[in-house]
Amino acid sequence: QVQLVESGGGSVQAGGSLRLSCAASTYTYSSNFMAWFRQAPGKEREGVAAKYTGSGGTYYADSVKDRFTISRDNAKNTVYLQMNRLKPEDTGMYYCAARPASSWYFPHWYGVDEYNYWGQGTQVTVSS
């Protein structure tokens with residue numbers, strides 16, 4: 001059973017930065033996508049960013065492009081989300097997700113139903 005454990009959430013003022021980490025244990029799929037989703041109170045969970053194991057296959061939601069960067073350390077089965085110039089609307093619970101994949105091409109990367117494994121989430125709060 002794959003376990004995903006997020007860390008790095010917290011409270012920050014608008015304009016600040018945070019770095020989230022997600023470590024996957026016993027992940028046996030050499031090719032996979034790892035992604036970040038977020039959910040604000042009363043809203044649906046939405047895709048933030050996703051990244052393939054290999055080259056290519058990096059996706060971002062329009063709302064975070066040029067502010068957030070997703071990266072991976074495949075040797076550690078870990079994915080990161082560097083969040084800069086944070087806004088109050090970035091507030092929410094951030095979840096890590098993962099799924100096996102054979103290609104970098106993943107047009108529906110933002111779909112909640114596309115992922116097999118989920119972490120418990122880490123809270124990000126941005127105050128104005």
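Start at 1 with the first residue, then count along the sequence.
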Colleague: Give me the atom names and distance for the closest heavy-atom approach of Ala61 to Gly47.
Modeller: CB-O, 3.4 Å
Colleague: Under the rule for side chain to side chain donor-acceptor pair (under 3.5 Å), what residues qualify as partners of Asn74, not counting sequence neighbours?
Modeller: Arg72
Colleague: Write out all pairs satisfying side-chain hydrogen bond (donor to acceptor under 3.5 Å, both in side chains) with one or both partners inside residues 79-91, taking only residues at least two apart or from two chains.
Modeller: Ser17-Asn84, Arg38-Asp90, Arg67-Asp90, Gln82-Asn84
Colleague: Using the side chain to side chain donor-acceptor pair (under 3.5 Å) criterion, which residues pair with Thr58? Sequence neighbours excluded.
Modeller: Lys51
Colleague: For Tyr95, check side chain to side chain donor-acceptor pair (under 3.5 Å) against everything at least two apart and list the hits.
Modeller: none
Colleague: For Cys22 and Leu4, which heavy atoms make the closest approach, and how far apart are they?
Modeller: SG-CB, 3.9 Å
Colleague: Taking atom CH2 of Trp104 as the centre, report whether more than 12 heavy atoms of other residues, nucleotides or ligands fall under 6.0 Å from it.
Modeller: no
Colleague: Of Gln123, Gln120, Arg45, which meets side chain to side chain contact (heavy atoms under 4.5 Å, CB included) against Met93?
Modeller: Gln123
Colleague: To the nearest 0.5 Å, tell me how far Met83 CE sits from Arg19 CZ.
Modeller: 11.5 Å
Colleague: Rounded at 0.5 Å granularity, tell me how far CG in Asn116 sits from CG in Asn32.
Modeller: 10.5 Å
Colleague: Tell me the closest heavy-atom pair linking Phe33 and Ala101, and the distance in Å.
Modeller: CD1-CB, 3.5 Å
Colleague: Considering all heavy atoms of both residues, which atom of Thr69 and which atom of Tyr60 are nearest to each other, and what is their separation?
Modeller: CA-OH, 3.3 Å
Colleague: In Å and rounded to the nearest 0.5 Å, what is the CG to CZ distance from Leu20 to Phe68?
Modeller: 8.0 Å
Colleague: For Gln39 versus Lys43, what's the shortest heavy-atom pair and its separation?
Modeller: NE2-O, 3.1 Å
Colleague: May I ask you to decide if Trp109's main-chain N or O and Tyr115's side chain share a donor-acceptor pair within less than 3.5 Å?
Modeller: yes
Colleague: Show me the pairs that pass salt bridge (Lys or Arg N to Asp or Glu O under 4.0 Å) and involve residues 2-16, at least two apart or across chains.
Modeller: none
Colleague: How many angstroms lie between OG1 in Thr122 and CG in Leu81, if you round to the nearest 0.5 Å?
Modeller: 11.0 Å
Colleague: Please find the pair of heavy atoms, one from Ser127 and one from Pro88, that lie closest to each other, and give the distance.
Modeller: C-CG, 4.5 Å
Colleague: Just how far is it from atom OH of Tyr117 to atom SG of Cys96, taken to the nearest 0.5 Å?
Modeller: 13.0 Å
Colleague: Should the pair Phe106 and Tyr59 be assigned to parallel (<30°), tilted (30 to 60°) or perpendicular (>60°) ring geometry?
Modeller: perpendicular
Colleague: With sequence neighbours left out, what residues match Asp113 under salt bridge (Lys or Arg N to Asp or Glu O under 4.0 Å)?
Modeller: none
